[in-house]
Protein chains: 2
Amino acid sequence: MELDKINWSILTLLQENARLSFAEIGRNVGLSAPAVAERVLKLEESGIIKRFSVDLDFEKLGYSFKAIISFKVYTGKMQSFLKFISEMHEVYECNRVTGEHCLIMKLIVQKPNELENIINLFSDFGESTTSIVLSSPVEHKVFNQNKN
Amino acid sequence: MELDKINWSILTLLQENARLSFAEIGRNVGLSAPAVAERVLKLEESGIIKRFSVDLDFEKLGYSFKAIISFKVYTGKMQSFLKFISEMHEVYECNRVTGEHCLIMKLIVQKPNELENIINLFSDFGESTTSIVLSSPVEHKVFNQNKN
DNA sequence: TCTGAAAATTTGGGTCG
DNA sequence: CGACCCAAATTTTCAGA
């Protein structure tokens with residue numbers, strides 16, 4: 001799909017506030033509301049917009065600990081481990097990567113001892129290296145085309 | 001702020017589809033539209049909902065390479081490095097962590113050689129270990145209170 | 001793109017624990 | 001008094017040409 005400057009502007013605006021009305025977006029990019037609606041629909045249909053969502057403050061929800069776990073899966077255990085973590089709500093994200101460790105995961109938990117339990121459960125599947133997140137200087141940055 | 005079962009349901013629904021109407025959410029949780037609107041407003045005001053956003057498919061936008069860089073910052077270079085990356089749109093996320101490496105970053109780029117350039121730029125500030133993301137078995141999971 | 005019709009959000013007033 | 005419902009007014013979205 002071809003992305004012109006206007007579509008990039010729409011995507012930037014929607015990332016910052018997905019509840020802008022089409023009319024308001026149109027005012028920003030110089031289009032009428034129906035024209036914006038049509039573009040957004042096509043962006044959804046093409047899959048470029050995967051979903052409209054909300055970003056939550058996990059700390060305020062009582063989940064104060066973020067951890068990043070690098071994980072080296074034992075031979076033959078990959079499939080069962082992926083199935084295992086897909087059902088754990090504490091595992092927020094999991095990436096398969098090149099390099100020494102096979103997986104890099106991000107977890108969100110309420111208390112340190114929850115993390116301990118999880119690491120114990122993981123030990124059946126491989127070896128983990130855990131880092132606690134102290135802060136997130138850059139978090140979920142708005143993505144745009146600026147090439148500086 | 002107190003979060004009852006209804007507010008958790010609202011948060012789950014909004015994460016899955018932030019464009020549900022208040023009336024539709026109300027049908028799911030057994031409230032009227034204005035009651036839902038008021039709850040959502042309070043969730044925003046309290047900061048639990050940080051923003052309404054869209055999740056994008058970066059591959060379809062031509063940004064096919066995700067990388068995770070572990071970074072050990074040289075003494076005294078932390079502040080200048082954080083300022084440096086805050087202005088780089090390729091750095092999607094940056095976490096300060098415990099452990100051997102000080103920072104773990106997620107980057108999104110179009111081509112491998114862009115990554116090479118970035119790693120070269122980073123070398124003034126510290127030592128990096130780069131992993132290319134092959135796939136993301138779990139990505140931006142919907143967060144809810146289920147304790148199973 | 002424009003216009004009318006349908007649906008959504010917002011606001012005010014009133015009610016129940 | 002806070003949280004909710006109902007109903008009217010405004011805004012937004014949708015579907016026709």
Side-chain angles (χ1 to χ4, degrees), chain A residues 1-64 89 110 140-145, chain B residues 1-58 60-61 140-147:
Chain A
M1 181 174 182
E2 290 301 309
L3 273 209
D4 58 13
K5 211 172 171 60
I6 291 178
N7 272 352
W8 274 104
S9 299
I10 291 173
L11 288 180
T12 301
L13 289 166
L14 284 177
Q15 284 179 87
E16 287 162 353
N17 182 4
R19 288 214 305 189
L20 289 174
S21 69
F22 295 143
E24 208 157 343
I25 295 171
R27 248 167 269 137
N28 272 278
V29 302
L31 285 180
S32 68
V36 174
E38 195 180 343
R39 279 170 178 262
V40 172
L41 183 66
K42 281 186 184 160
L43 287 167
E44 284 187 74
E45 284 172 348
S46 71
I48 288 175
I49 294 177
K50 289 198 287 190
R51 68 175 169 188
F52 288 74
S53 189
V54 288
D55 292 351
L56 303 180
D57 186 322
F58 298 112
E59 280 197 32
K60 292 195 170 136
L61 288 168
Y63 289 76
S64 302
H89 79 284
Q110 292 180 291
H140 204 324
K141 184 180 286 186
V142 170
F143 191 77
N144 58 42
Q145 199 187 18
Chain B
M1 181 175 182
E2 291 299 310
L3 273 209
D4 58 12
K5 212 172 168 59
I6 291 178
N7 272 352
W8 273 104
S9 299
I10 291 173
L11 288 180
T12 301
L13 290 166
L14 284 177
Q15 283 179 88
E16 287 163 352
N17 182 4
R19 289 213 304 189
L20 287 175
S21 70
F22 294 143
E24 207 158 344
I25 295 171
R27 247 167 269 138
N28 272 278
V29 302
L31 286 179
S32 69
V36 174
E38 195 181 342
R39 279 170 177 261
V40 171
L41 183 66
K42 282 184 183 162
L43 287 166
E44 284 187 74
E45 284 172 347
S46 71
I48 288 175
I49 294 177
K50 290 198 287 190
R51 67 175 169 189
F52 287 74
S53 189
V54 288
D55 292 350
L56 303 180
D57 186 321
F58 297 113
K60 291 195 171 136
L61 288 167
H140 204 324
K141 183 182 286 186
V142 171
F143 191 77
N144 59 43
Q145 200 187 18
N146 295 334
K147 292 294 175 49

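To find a chain, count down the sequence lines: A is the first, B the second, and so on, and within it residues start at 1.
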Next on the checklist: Could you tell me if the side chain of Leu56(A) sits less than 4.5 Å from the side chain of Tyr63(A), heavy atoms only?
Outcome noted: no
Counting only pairs under 3.5 Å, give me each side-chain donor-acceptor contact of residues 8-15 of chain A, with atom names and distances, residues two or more places apart or in other chains.
{"unit_1": "Trp8(A)", "atom_1": "NE1", "unit_2": "Gln145(A)", "atom_2": "OE1", "d": "3.4"}
{"unit_1": "Ser9(A)", "atom_1": "OG", "unit_2": "Lys5(A)", "atom_2": "O", "d": "3.0"}
{"unit_1": "Thr12(A)", "atom_1": "OG1", "unit_2": "Trp8(A)", "atom_2": "O", "d": "3.0"}
{"unit_1": "Gln15(A)", "atom_1": "OE1", "unit_2": "Phe143(A)", "atom_2": "N", "d": "2.8"}
{"unit_1": "Gln15(A)", "atom_1": "NE2", "unit_2": "Leu11(A)", "atom_2": "O", "d": "3.4"}
{"unit_1": "Gln15(A)", "atom_1": "NE2", "unit_2": "Phe143(A)", "atom_2": "O", "d": "2.6"}

Next on the checklist: Please give me every residue in residues 14-25 of chain A whose heavy atoms get under 4.0 Å of an atom in DNA chain D, ordered by residue number.
Outcome noted: Ser21(A), Phe22(A), Ala23(A)
Checklist entry - Does the side chain of Arg39(B) come within less than 4.5 Å of Ile25(B)'s, by heavy atoms? => result no
Item to check | Closest non-hydrogen atom pair between Leu3(A) and Asn7(A), with its separation | outcome: CD2-ND2, 3.5 Å
Item to check | Under-4.0 Å salt bridge between Asp57(B) and Lys50(A) | outcome: no
Item to check | Candidate list Glu44(A), Glu45(A), Glu38(A), test salt bridge (charged side-chain N to carboxylate O under 4.0 Å, His left out), partner Lys42(A), passing option | outcome: Glu38(A)
Checklist entry - Got more than 12 heavy atoms from elsewhere within 6.0 Å of CD, Glu24(B)? => result yes
Which atom pairs link the protein and nucleotides 3-8 of chain D when you take only N or O atoms and keep those under 3.5 Å?
{"unit_1": "dA3(D)", "atom_1": "OP2", "unit_2": "Lys42(B)", "atom_2": "NZ", "d": "2.8"}
{"unit_1": "dC4(D)", "atom_1": "OP1", "unit_2": "Arg39(B)", "atom_2": "NE", "d": "3.0"}
{"unit_1": "dC4(D)", "atom_1": "OP1", "unit_2": "Arg39(B)", "atom_2": "NH2", "d": "2.5"}
{"unit_1": "dC5(D)", "atom_1": "OP2", "unit_2": "Ser32(B)", "atom_2": "N", "d": "2.7"}
{"unit_1": "dC5(D)", "atom_1": "OP2", "unit_2": "Ser32(B)", "atom_2": "OG", "d": "2.7"}

